[in-house]
There are 2 protein chains.
Amino acid sequence: MNETFEKLSEELKKKNIRLSHQRLKVLEYMSTHKTHPTVDQIYHDLHKDIPTLSKTTIYNTLNTLINAGLIKSVTIEDTEVRYDSVTDEHGHFKCESCGTIFDFSIDFNSFSTQDLGNFKIKNKDVYFKGICPNCISEQH
Amino acid sequence: MNETFEKLSEELKKKNIRLSHQRLKVLEYMSTHKTHPTVDQIYHDLHKDIPTLSKTTIYNTLNTLINAGLIKSVTIEDTEVRYDSVTDEHGHFKCESCGTIFDFSIDFNSFSTQDLGNFKIKNKDVYFKGICPNCISEQH
DNA sequence: GTTCCTGCAAAAGCTTTGCAGAAGA
DNA sequence: TCTTCTGCAAAGCTTTTGCAGGAAC
């Protein structure tokens, strides 16, 4: 239980989404694990606490939360979808060595996007890939 | 047949990849359709010319071209993979209304990314979503 | 008591794999 | 001739759907 979790629970109540045990656990997981987990990772971890939990419920819950605007899906690699709590604008960096995804702050207004003068931009995503400092130092 | 297509054919020869009829057609398609097509779109269009063409061959060919570094895969929406000829660095804008993907030039050096000082960055992708000028004017 | 949610099983959709015949070099 | 490619069929995965029982309100 933390501030973010309670904030998210409040949001669910506002939107008339029922606070089931499973949903609260997924929400708690998302608010305490800022690791951009995959469905598999969420399932693996929560299954220990709730043996009857099914992946279907996780898919349902994540889609519900996406529709409610509480989380976002993130696709950097083509083969895996990850999920992210909605926070401030940030970029994603995926380490090709250990697979970890790091957030970094980014000033979206610093882009030079003169080509898009007549476009209505609703969403900006920045994805970087490379090697993180931990893996760089391990290679020495 | 255009300059880009011939350049790409040359690249294949250099890498000892055989110039089969199907591969040349896929290459030609990629070099003349800068629309970031999906596998389905490529299949649909080329099937008219080559009725025996299979999706397996398109998958094989695209993977061969990716390994050769001649094209890239692009994932903006979670549910569809698209393919892009390798060109200069550019951002991708997807129109939520008509689905078209537009390229726009972007100065990757203009990012303020002070958080990533110790990261080795190999790859930068920028994905925007919104409404394109054509669809904006149709809404009036 | 009603409504909505869970979770099993099955379906659906996309991509990869195995392999025999065909085509390229 | 020898190697590699094509394309069918089947397998493999992830995600969605249908639905009966159960939980939330």
Side-chain angles (χ1 to χ4, degrees), chain A residues 8-29 36-68 70-83 99, chain B residues 8-29 36-68 70-83 99:
Chain A
L8 293 173
S9 298
E10 278 303 310
E11 285 293 324
L12 285 192
K13 280 185 197 164
K14 273 188 206 164
K15 298 184 190 254
N16 288 320
I17 298 170
R18 288 191 182 170
L19 299 176
S20 71
H21 184 213
Q22 291 87 340
R23 279 183 183 163
L24 288 173
K25 278 292 186 183
V26 172
L27 250 183
E28 181 181 37
Y29 188 90
H36 310 79
T38 62
V39 167
D40 241 30
Q41 288 166 344
I42 300 170
Y43 176 75
H44 177 261
D45 290 353
L46 289 184
H47 190 73
K48 295 168 189 163
D49 288 346
I50 315 167
T52 60
L53 184 67
S54 75
K55 280 194 184 176
T56 301
T57 297
I58 296 174
Y59 279 112
N60 287 339
T61 300
L62 292 173
N63 285 331
T64 301
L65 297 178
I66 288 171
N67 288 333
L70 298 180
I71 64 173
K72 272 185 62 177
S73 64
V74 177
T75 312
I76 301 179
E77 302 298 326
D78 300 334
T79 48
E80 58 178 26
V81 179
R82 289 164 175 266
Y83 297 88
Chain B
L8 293 172
S9 298
E10 278 304 310
E11 286 292 323
L12 285 192
K13 280 184 197 164
K14 273 188 204 164
K15 297 183 191 256
N16 288 320
I17 298 171
R18 288 190 180 169
L19 300 175
S20 71
H21 183 213
Q22 291 88 338
R23 279 182 183 162
L24 289 173
K25 278 292 185 181
V26 172
L27 251 182
E28 181 181 37
Y29 188 90
H36 310 79
T38 61
V39 167
D40 241 30
Q41 288 166 345
I42 300 169
Y43 176 76
H44 177 260
D45 290 352
L46 289 184
H47 190 73
K48 295 169 187 164
D49 288 348
I50 315 168
T52 61
L53 183 68
S54 74
K55 279 194 186 178
T56 302
T57 298
I58 296 174
Y59 280 112
N60 287 340
T61 301
L62 292 173
N63 286 331
T64 300
L65 297 178
I66 288 172
N67 289 333
L70 299 180
I71 62 172
K72 270 184 63 177
S73 63
V74 176
T75 312
I76 301 180
E77 302 297 327
D78 301 333
T79 49
E80 58 178 25
V81 178
R82 290 163 174 267
Y83 297 88

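So you know, we letter chains A, B, ... as the sequences are listed, proteins then strands, and number each from 1.
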Minimum-distance nucleotide to V81(B) side chain [options: dT15(C), dC25(D), dC8(D)]: dT15(C)
Side chain of N60(A) - closest among dG7(C), dT16(C), dT6(D):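 Closest nucleotide among those given: dG7(C).
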Q22(B) or R18(B), whichever maps to the more 5' nucleotide of DNA chain D: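 In this pair, the answer is R18(B).
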Could you state the [atom1]-[atom2] distance from [X] to [N], rounded to the nearest angstrom?
X	N	atom1	atom2	result
L12(A)	dC4(C)	CG	P	16 Å
L65(B)	dC5(D)	CG	C1'	14 Å
K55(A)	dT14(D)	NZ	P	6 Å
I58(A)	dT16(D)	CD1	P	13 Å
I42(A)	dT15(D)	CD1	C1'	14 Å
K25(B)	dC5(D)	NZ	P	20 Å
R23(B)	dG7(D)	CZ	P	11 Å
L62(A)	dT14(D)	CG	C1'	14 Å

Derivation and outcome, side chain to side chain contact (heavy atoms under 4.5 Å, CB included), residues T64(B) and T61(B): CA-CA 5 Å; T64(B) 300; T61(B) 301; 5.5 Å; no
DNA chain C: 5'-proximal contact among Y59(B) and L19(B) (nearest heavy atom): Y59(B)
Under 4.0 angstrom between T57(A) side-chain N/O and dG7(C) OP1 or OP2: yes
Under 4.0 angstrom between T52(B) side-chain N/O and dG7(D) OP1 or OP2: yes
Touch class at under 4.0 angstrom, heavy-atom based, for N63(B) against every strand present: sugar-phosphate
Sugar-phosphate only, base, or nothing, as touched by S20(B) at under 4.0 Å among non-hydrogen atoms: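 Answer is sugar-phosphate: S20(B) comes under 4.0 Å of backbone atoms only.
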Over all atoms of both residues, closest heavy-atom pair of [X] and [Y]:
X	Y	result
S73(B)	I66(B)	CB-CD1, 4.2 Å
L19(B)	L24(B)	O-CD1, 3.8 Å
Q41(A)	Y29(A)	O-OH, 3.9 Å
H47(A)	L53(A)	ND1-O, 3.9 Å

